[in-house]
2 protein chains.
Amino acid sequence: MPGKDWLPAAVRAVAIDRKLKSGEALFRFGDKTTGFCEVIAGRVRMCRVDRSGREVILFVAGPGETIAEASLFSTVYHCDAIASTDVLVRIYPKQALLAAFEKDRKAAQAFAATLARQVMNLRTRIEQRNIRSARERVRHYLGLNADAGGRSVSLPGTLKDLAAELGLTHEALYRTLAALERSGEIKRSKGKIALLRRRKI
Amino acid sequence: MPGKDWLPAAVRAVAIDRKLKSGEALFRFGDKTTGFCEVIAGRVRMCRVDRSGREVILFVAGPGETIAEASLFSTVYHCDAIASTDVLVRIYPKQALLAAFEKDRKAAQAFAATLARQVMNLRTRIEQRNIRSARERVRHYLGLNADAGGRSVSLPGTLKDLAAELGLTHEALYRTLAALERSGEIKRSKGKIALLRRRKI
DNA sequence: CGAGTGATTGACTTAGATCAATGACCGTGG
DNA sequence: CCACGGTCATTGATCTAAGTCAATCACTCG
């Protein structure tokens, strides 16, 4: 699962794995940037601390997600990264990365392409969150993630995870799916959802 | 306002402005990619049409926003772009861009940096949307957008715009701000919000 | 065989969406 | 210059969908 394939082999070769205990800092605001990271296991939160000492969370990264890409283009970090659980991260050293981009423009382009794709996906997720109704939100998701034929959607993880991604409580998601199934709009089976007829609006 | 400063002058020089009537397509799924765009005025929606003919919106871009960055790394578009209002867009031709990146690695890096920063911002916005409570959501926003001293936040546009960005109805935002002010947590003035004492949790 | 987690459903509550009305503040065009 | 139409800001009343709390069942894993 882990091991970003769009990274040049030369960079992957020099990646450093690091373990953190829950609560430990991977880096802190103002530290010199060393590279960007992939979370292998556990969760890391990126956050800042405001004047009143409150921690403001920017983003929490789970397994497979990357953090601090922007740090490649900056000399210091602009937020803290703290382990929220015991964590294993893989660090891709900045100089190796930039050097690779320098000599291999394909690699640089692959990196930019990955970022661009991420921007797209994130925008879509935000758009999704603009939909208030749980039912419509689920429909939006199903519509976007249907397979080529548009007949079914395969669920990657658990329904709980999906609920989190959709910004719903798991209960709300269960109920919504149940309602959609009752109304004959979908049919559920192990790890899959078949899309049946569509009702008008 | 418009005119992306991180773009090489050579590219900005060859940008093409184009007007679209509401409903007109800027490009469609499967079209060969010509470049990426900046919306100067109006709104453009990126969308797909699912098997049942329903339009699924990926993202709607307003003035100052860019679209289709990912198209630079693909030969065809993967969604439709339709004018939601009468629109003026600026198109940055793909070959000019890629050529510029080829010869000027600073330009390529600036582009990647912009994307990386966007990824960061978007993630933060999603995190924000994970906060259910309107009050906490507003606090999160204020905490993140406080000026250096952490004493005040200046409002870029109208409160309505802010409400949209926060994923709240404008009414909910007005009420929340009024409540925060009543409780002495903030003080509002023309285009600014001063942050006063903080209550415990 | 428990312990832990996901899936599911019920009952209840509430925060925020919706609908509605009002006043302030433009810009503009006659 | 002023009336008028438009948008923002604001507040009230009402309603409901989704969150919260809670209980149960099915599984899987040591």
Side-chain angles (χ1 to χ4, degrees), chain A residues 22 41-43 62-63 84-86 125-142 153-183 185-194 199 201, chain B residues 22 41-43 62-63 84-86 125-142 153-183 185-194 199 201:
Chain A
S22 176
R43 277 177 302 114
S84 285
T85 62
D86 287 2
R125 279 180 68 175
I126 289 188
E127 199 62 42
Q128 180 153 251
R129 297 302 186 91
N130 285 339
I131 304 173
R132 317 258 188 219
S133 146
R135 173 173 282 228
E136 283 308 316
R137 204 123 113 192
V138 171
R139 285 201 184 118
H140 186 261
Y141 175 86
L142 293 175
V153 178
S154 66
L155 304 174
T158 72
L159 288 179
K160 277 186 99 159
D161 294 343
L162 178 58
E165 179 173 333
L166 292 178
L168 297 172
T169 57
H170 50 222
E171 296 100 316
L173 176 60
Y174 294 142
R175 282 189 243 271
T176 304
L177 289 175
L180 288 174
E181 187 156 32
R182 237 178 294 121
S183 79
E185 191 168 332
I186 64 172
K187 181 86 181 66
R188 278 191 289 172
S189 49
K190 201 88 200 131
K192 266 207 171 311
I193 295 182
R199 75 283 81 91
I201 286 167
Chain B
S22 176
R43 278 178 302 115
S84 286
T85 63
D86 286 3
R125 280 180 68 177
I126 290 188
E127 200 61 42
Q128 180 154 251
R129 297 302 186 92
N130 285 338
I131 304 172
R132 317 260 187 216
S133 146
R135 172 172 282 226
E136 283 308 316
R137 204 124 113 191
V138 171
R139 284 200 185 120
H140 186 261
Y141 175 86
L142 293 175
V153 178
S154 67
L155 304 174
T158 73
L159 287 179
K160 276 186 100 157
D161 294 343
L162 178 58
E165 179 173 334
L166 292 178
L168 297 172
T169 58
H170 51 211
E171 295 101 319
L173 176 60
Y174 293 142
R175 282 188 244 270
T176 304
L177 289 176
L180 288 175
E181 188 156 33
R182 240 178 292 120
S183 78
E185 192 168 331
I186 65 171
K187 180 86 182 69
R188 278 190 289 172
S189 50
K190 201 90 200 131
K192 266 206 172 313
I193 293 183
R199 76 282 83 85
I201 286 168

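Quick caveat: nothing in here was measured; it's all calculated off a predicted structure. Below, chains carry the letters A, B, ... as their sequence lines are ordered, and counting in each starts from 1.
Close approach of DNA chain C to chain A, defined as any atom under 4.0 Å from a non-hydrogen atom of the protein, starts and stops at C:dG6 to C:dA17.
Proximity of a side-chain donor or acceptor of B:Arg137 to a complementary backbone N or O of B:Ile131 within less than 3.5 Å is detected. The backbone N or O of A:Asp86 lies less than 3.5 Å from no partner atom in the side chain of A:Ser22, so there is not a single donor-acceptor pair.
Taken over five-pair windows at either terminus, the axes of the helix from C:dC1-D:dG30 to C:dG30-D:dC1 are inclined to one another by 40° (rounded to 10 degrees).
In this structure, the CG atom of B:Leu159 is 6 Å from the P atom of D:dT10, given to the nearest Å. The CZ atom of B:Arg132 sits 6 Å away from the P atom of D:dT20 (whole-angstrom rounding). Look at OH on B:Tyr174: it is 15 Å from P on D:dG12, rounded to the nearest Å. One atom, CD of A:Glu136, and another, C1' of D:dA18, lie 15 Å apart when rounded to the nearest Å.
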With a 3.5 Å cut-off and sequence neighbours excluded, list the donor-acceptor pairs that the side chains of residues 164-182 of chain A form with protein atoms.
unit_1: A:Thr169; atom_1: OG1; unit_2: A:Ala172; atom_2: N; d: 3.2
unit_1: A:Thr176; atom_1: OG1; unit_2: A:Ala172; atom_2: O; d: 2.7
unit_1: A:Glu181; atom_1: OE1; unit_2: A:Arg188; atom_2: NE; d: 3.2
unit_1: A:Glu181; atom_1: OE2; unit_2: A:Arg188; atom_2: N; d: 2.9

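The minimum heavy-atom distance between A:Leu142 and A:Ile193, with the atom names listed, is CD2-CD1, 4.1 Å. Nearest heavy-atom pair across B:Gly42 and B:Pro63 is O-CD, 3.4 Å. Nearest heavy atoms, B:Ser154 versus B:Lys192: CB-NZ, 3.3 Å.
Within the 4.5 Å cutoff, the side chain of B:Val138 has no heavy atoms near those of the B:Arg135 side chain.
Taken from CG in A:Leu155 to NZ in A:Lys190, the straight-line distance is 10.5 Å, to the nearest 0.5 Å. Atom CZ of A:Arg125 and atom CZ of B:Arg129 lie 12.0 Å apart (nearest 0.5 Å).
Residue-to-nucleotide proximity on DNA chain C shows that, of A:Gly157 and A:Arg175, the 5′-proximal contact is made by A:Gly157.
Residue-level contact check: A:Arg137 touches neither bases nor backbone, having no heavy atom under 4.0 Å from any strand.
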**Complete:** In 5'-to-3' order, the base (B), backbone-only (S) or no-contact (-) status of each nucleotide in nucleotides 25-30 of chain D, using a 4.0 angstrom heavy-atom cut-off, is ------
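Residues passing the ring pair (Phe, Tyr, Trp, His ring centres under 6.0 Å) test with A:Tyr141, sequence neighbours excluded: none.
Heavy atoms of other residues, nucleotides or ligands lying less than 6.0 angstrom from NZ of B:Lys187 number 12 at most.
Residues of residues 160-171 of chain A having a heavy atom closer than 4.0 Å to DNA chain C, listed by number: A:Lys160, A:Glu171.
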